[in-house]
Structures are given as structure tokens and as C-alpha cells.
Amino acid sequence: MLDIRYIRDNAEHVREAAAQKGYPVDVAALVDLDDKRRELLGKAEAVRRERNGLASQVSGKPSAEQLEHGKALKAELSTLEDGLAVTEEKFVTVLKTVPNMPLPDVPIGESEDGNVVASEWGEKPQFDFEPKNHWQIAEQHGWIDKERAAKVAGARFAYLKGGLVRLHMAMVQWALDQLMDEKIITKLVADNHLKISAKPFIPVLPPLMIRTEVYDAMDRLEPREDRYKIEGEELWLQGSAEHVLGSMHMNEIFDEKDLPLRYVGYATSFRREAGSYGKDMEGIFRLHQFDKLEMESLATAETALDEHLLLIALQEYLMRELKIPYRMINKCTYDIGKPNARGWDLEAWLPGQGKYRETHTADYMTDYQARRLQTRVRRNDGAVELVHTNDATALAQRPLIAIIENYQTADGNVRIPEVLRPYLGGRKLL
RNA sequence: GGAGAGAUGGCCGAGUGGUCGAUGGCACCGGUCUUGAAAACCGGCAUGCGAAAGCAUCGUGGGUUCGAAUCCCACUCUCUCCGCCA
């Protein structure tokens, strides 16, 4: 959520930027609602003040006069509060629809076509045979069983089996070790000229369910059609570890010395994929359920953009170590998402499909999420401010696809990336 | 799942209808004293809204009352015992 004072002071910019993000807002109507809300609030506070004054005068039994006065005030306050509640609800409903403001370097665009390729890395592997898709390779080894998964759970589910499971576990364990290594973070901070701490990440296995109220405060509940709700409960299956990591410190105030706080969470994520019927039905590119290693960071306002850049640097580092070609996408206003101020994607080269596909995303939310979560920091000078939040994919099942397709051999085997070999006990995948 | 107890400021802990945003202690910050430190003493020390006066907040939401941290209801969470179970 944005600060209403910011919206009032920058009404035209907010209107324009919201439209550029594809979330048009009637800012004038919002300001009118705020005016009305403030007016009613002022009136109600004046009556409360009178009530408090009266109550402090009474000791023992109130006089008939005092009783009558009190009853009149009570009735008046009740009317005002009813009107205030209605106005407040309308106001908050509209306020919640205002998206976060994009940073100046976010390209303006009206569709995905407005995204800008910022850089490319790596040599695309040359094969002296026709490279296969990951599902063709997996089929050969019995690594993916979607038919039986459909029998048990329905479409867009899969059993992952055998060598693929070992590869997945190795990849996750390796990535965890990288993120917990202060030397690696120190180097990336220095190489990218970032002015932030080199504190390592804290690994977390979070709950996979999240309450309605908290999910909404994270601004990740919508669109609800893409979430799974637990029947009879105010609980949802989380769609990304970000949702349960970012909300972890709701209603808390940090000391400045404790920031930045960096978590790497491993979680199975659930998505209904509503609106993507027929899209990416083959393989494990788009499932209702996938395992993901996710980075989350809470930081002060002036360090959070560098924090964002660090998370992106880490994504690139992990892919470079795995030697998978990729390109970085600076997503445009239309594509970054409502709570984002900035958002970059990493797209890995998939030789089997002959194109780059999104495997990572990095989101910088400024204080937009923290405002509703009320996650704050007490600065060294005593001032209390909202924290700034960042999240970014470390590694998930899509990078696994990238490994399979980039490391395939003519006979349908998959070579193991060098950095993962120690984690696979020197054995072959199969 | 059954029975019971509880939730107060960073922490501990008073407060069971009338100046309670809340006694006290610890921690923390500033000062006096000291060569320095400790101790002692003095002062400060929640959050939001508001230019301010002030208003709100004692787990959350609702209710009773002229007046609620205190009474009633619902919900959430914690603890104890029993049952069940990775």
C-alpha cells in the first residue's frame, strides 16, 4: 500500500504511473474520500474528547445532568462512527488498488513487449545432434511421470523420480551453501560496488500455508483465482516462499543493527495457473506445484536498492557457476506487478525449445509491502521507519530444466555440472 | 479431539468499572560522582494519526455502560493434563 500523504502530494504522478502499470486509479476520487474521512475523524475525535473530559470529572455516582450529557454524546459519537466506518472502508478499498510507483529506470510499456533485454551471458551450447526437450530426455529415463500424477492429483502435477530427484537435491544443497558463504557475498558486494553488508543468508523451512489476513497484507493474495484455499479455513497454500518469508516479521520493529535480514527459504509452492490453459502443458515447466529456493531480504530504505542488485548478482552468479547461458530482462511498468517498484527476470537458454525462458525473478517493493505488514525499523537516531522488502528466486525447478537441456548428450544422457559433482558423490545421474 | 488456565509497554510484572497510556523492577540512553569503570543518585525511555490541542491502542473483532485494561460474546495464539499421531 502507498502512503496516502504521498498520493495527495503527487496526485498526477500517481495517476500516470498507475495507468502505466495497468492499474488505473481515480486519484481525485481517492483524495475526496480521504477528505471526507479526515473530516469525520476530526468530528468523532472532538466528541470523544468531550466524553473523556466528562468521564474524568465523575467520581462515584454521576449526576442526572452528567448522565444525560453522556448519553447524548454517546448517541452523537455512534452516528459519527458509523459514517466513519463506511467511509473508511471505501477509502481503504480504493487505496489498496493503487500500485507501487516504478523506479525511474523501469521501462514504460503496455505489454510484455515493453520489456528490455539488459544483458546476455554465456555461449549457447552447440550440438552435433538435434537437441531434445527436457520432457523427451526425462521420458527416456523415467524421470517424470505425469500420467500417474494426473490419475492421483490431476493435470499439471508430476512425479519426479530417480536421477532427477538427486539432481534437484544436489542443486538445492549447493545453492544453499553458496548463499550461506560470506566470502561469496563479500565478493559480489565488492564487484558490484554495493554499499551493503556481506551478511550471509539464514536458511528457512517455512510453513506452506498462510492466513487470509496475512496474505492480503503481503499484497500477494490477488488474483485469488490463482491461489488454493483450504476448505473451511481462512488458510491458503502459499504460492512462493516469498509470501511466508516476507510476512514473517509482520507487526515487528527491528533495531537498525539487525538489518539487513536475509533469508533463503525452501518451499513447495502452489499455483492454480488459472488463465494459462493449454500453455506449457509438456514437461515440468508449468505445474500446480513446484519446489523453490527463494531469497528474501528486509533492509533500510537507502540500502534496499543495492540489496535488490545483490539478489540479482547472486542469481547471475549461480547460473554462471552452473554454466547456463541466460539473459537479463528489465521488466517494463506493465510486467513488474502491482507491489513492485522494480522487477528483473532472468531467462535461461533452453536449447530443446530454442529460446530463452523465465527461470528467475527479482522483485523490489520499497516500503509498499511493509506499510500494511507494519514491519518497521528503529533507526540509530530513534526514528521509526518502514523497512524495504526484496525477494528473488535462488533456484527452482525451471533451472533444473535448463540443466537437463543444456547438459544433454547425443545418447540422451545428461552430464552433471561441475559444481554439483561433489554433491552427487561422483556418481552418474542415472 | 476432550478438560482447564492465560495473553498488559524491549523483557518481567501490578492493576478486576471512574484522571490508567497504564505502579514497580530489569534492560537501554543521557547526566552527576570517579583518573576510568562499577555502584549510588537524578532524568529520559511504546506506536499510529494530527501543525497543535488532542484522539486511538492493555492479543484481535464486536457488545454492555455516562465511563472498560477491568464486565459479556466470538475469534486467534500460548501453556497444563488426557487422548491420538509422523
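Below, chains carry the letters A, B, ... as their sequence lines are ordered, and counting in each starts from 1.
The number of heavy-atom neighbours closer than 6.0 Å to CD of A/E358, taken from other residues, nucleotides and ligands shown, is above 12. In this structure, A/Q140 places its CD atom where more than 12 heavy-atom neighbours from other residues, nucleotides or ligands lie under 6.0 Å away.
Remark: aromatic rings of A/H249 and A/F254 are close, center separation under 6.0 Å.
Separating the CD atom of A/E252 from the C1' atom of B/G10 is a distance of 12 Å, rounded to the nearest angstrom. Taking atom CD of A/E45 as the reference point, atom P of B/A51 lies 12 Å away to the nearest angstrom. When the C1' atom of B/C11 is taken as reference, atom CD1 of A/I253 falls 15 Å away, rounded to whole Å. Atom CD1 of A/I4 and atom P of B/G50 are 11 Å apart (whole Å). Distance, A/E81 CD to B/G62 C1': 13 Å, rounded to whole Å. Summarising the geometry, the separation between CD on A/E234 and P on B/C75 is reported as 13 Å, rounded to the nearest angstrom. One interatomic measurement links the two molecules: CG of A/L73 to C1' of B/C55, which rounds to 15 Å at whole-angstrom precision. In this structure, CZ of A/R37 is placed 18 Å from P of B/C55, rounded to the nearest angstrom.
Comparing B/U76 with B/A27, their C1' atoms are spaced 30 Å from each other, to the whole Å. A distance of about 13 Å separates the C1' atoms of B/C20 and B/G67, rounded to the whole Å. Comparing B/G59 with B/A40, their P atoms sit 33 Å apart, to the nearest whole Å. The P atoms of B/G25 and B/G43 are separated by 12 Å, rounded to the nearest whole Å. Here the separation of B/G9 from B/G44, taken at their C1' atoms, is 15 Å to the nearest Å. The separation of B/G31 from B/A37, taken at their P atoms, amounts to 10 Å, rounded to a whole angstrom. Distance noted for atom P between B/A38 and B/C29: 10 Å (whole Å). For B/A7 and B/C58, the P atoms lie 14 Å apart once the distance is rounded to whole Å.
At a threshold of 4.0 angstrom between heavy atoms, the contacts of A/D255 with the nucleic acid are absent. Among the protein residues, A/K71 comes within range of the sugar-phosphate backbone only, with heavy atoms under 4.0 Å from sugar or phosphate atoms but none that close to a base. Among the heavy atoms of the strands lying under 4.0 Å from A/R378 are primed sugar atoms or P, OP1, OP2 only; no base atom is included.
Here B/C33 sits opposite no nucleotide as a Watson-Crick or G-U wobble pair (both hydrogen-bonding atom distances under 3.5 Å). In this structure B/G17 sits in no base pair that meets the Watson-Crick or G-U test at under 3.5 Å. Judged by Watson-Crick or G-U wobble contacts below 3.5 Å, the nucleotide B/G1 has B/C82 as its partner. Pairing for B/A39 is absent, judged as Watson-Crick or G-U wobble with the two contacts each under 3.5 Å. Across all strands shown, B/G6 forms a Watson-Crick or G-U wobble pair with B/C77, both key distances being under 3.5 Å. The pairing partner recorded for B/A69 is none, the criterion being a Watson-Crick or G-U wobble arrangement whose two distances lie under 3.5 angstrom. For B/C49, the paired base is B/G54 (Watson-Crick or G-U wobble, both distances below 3.5 Å).
Note on A/N52: a side-chain N or O is less than 4.0 Å away from OP1 or OP2 of B/C55. Not one side-chain nitrogen or oxygen of A/N251 sits closer than 4.0 Å to the OP1 or OP2 atom of B/U60. Close to B/C49, at under 4.0 Å from its OP1 or OP2, lies a side-chain N or O of A/R5. Checking the phosphate oxygens (OP1, OP2) of B/C55, no side-chain nitrogen or oxygen of A/R51 falls inside 4.0 Å. Contact annotation: A/R48 does not reach the phosphate of B/G67 (side-chain N/O to OP1 or OP2, under 4.0 Å).
For A/R211, the side-chain atoms get nearest to B/U76 when compared with the rest of B/U76, B/G48, B/U19. Here the nucleotide nearest the side chain of A/R49, chosen from B/C66, B/C55, B/U47, is B/C55.
Under the 4.0 Å criterion applied to side-chain N and carboxylate O atoms, A/K229 and A/E234 are assigned as salt-bridge partners.
A/F201 pairs with exactly one of A/L176, A/L179, A/D181 by the side-chain contact (heavy atoms from CB on, under 4.5 Å) rule, that one being A/L179. None of A/Q369, A/E296, A/E242 except one satisfies the side-chain hydrogen bond (donor to acceptor under 3.5 Å, both in side chains) rule with A/T389; the exception is A/Q369.
Remark on RNA chain B: of its neighbouring residues A/H69 and A/R38, the 5'-side contact belongs to A/R38, judged by nearest-heavy-atom nucleotide. Nearest-nucleotide assignment on RNA chain B puts the 5′-proximal partner with A/V384, out of A/A44 and A/V384.
Here A/N340 contributes atom CG and A/T333 contributes atom OG1; the two are 12.0 Å apart, rounded to the nearest 0.5 Å.
Looking only at distances, no side-chain donor or acceptor of A/N330 sits under 3.5 Å from a matching main-chain atom of A/C332.
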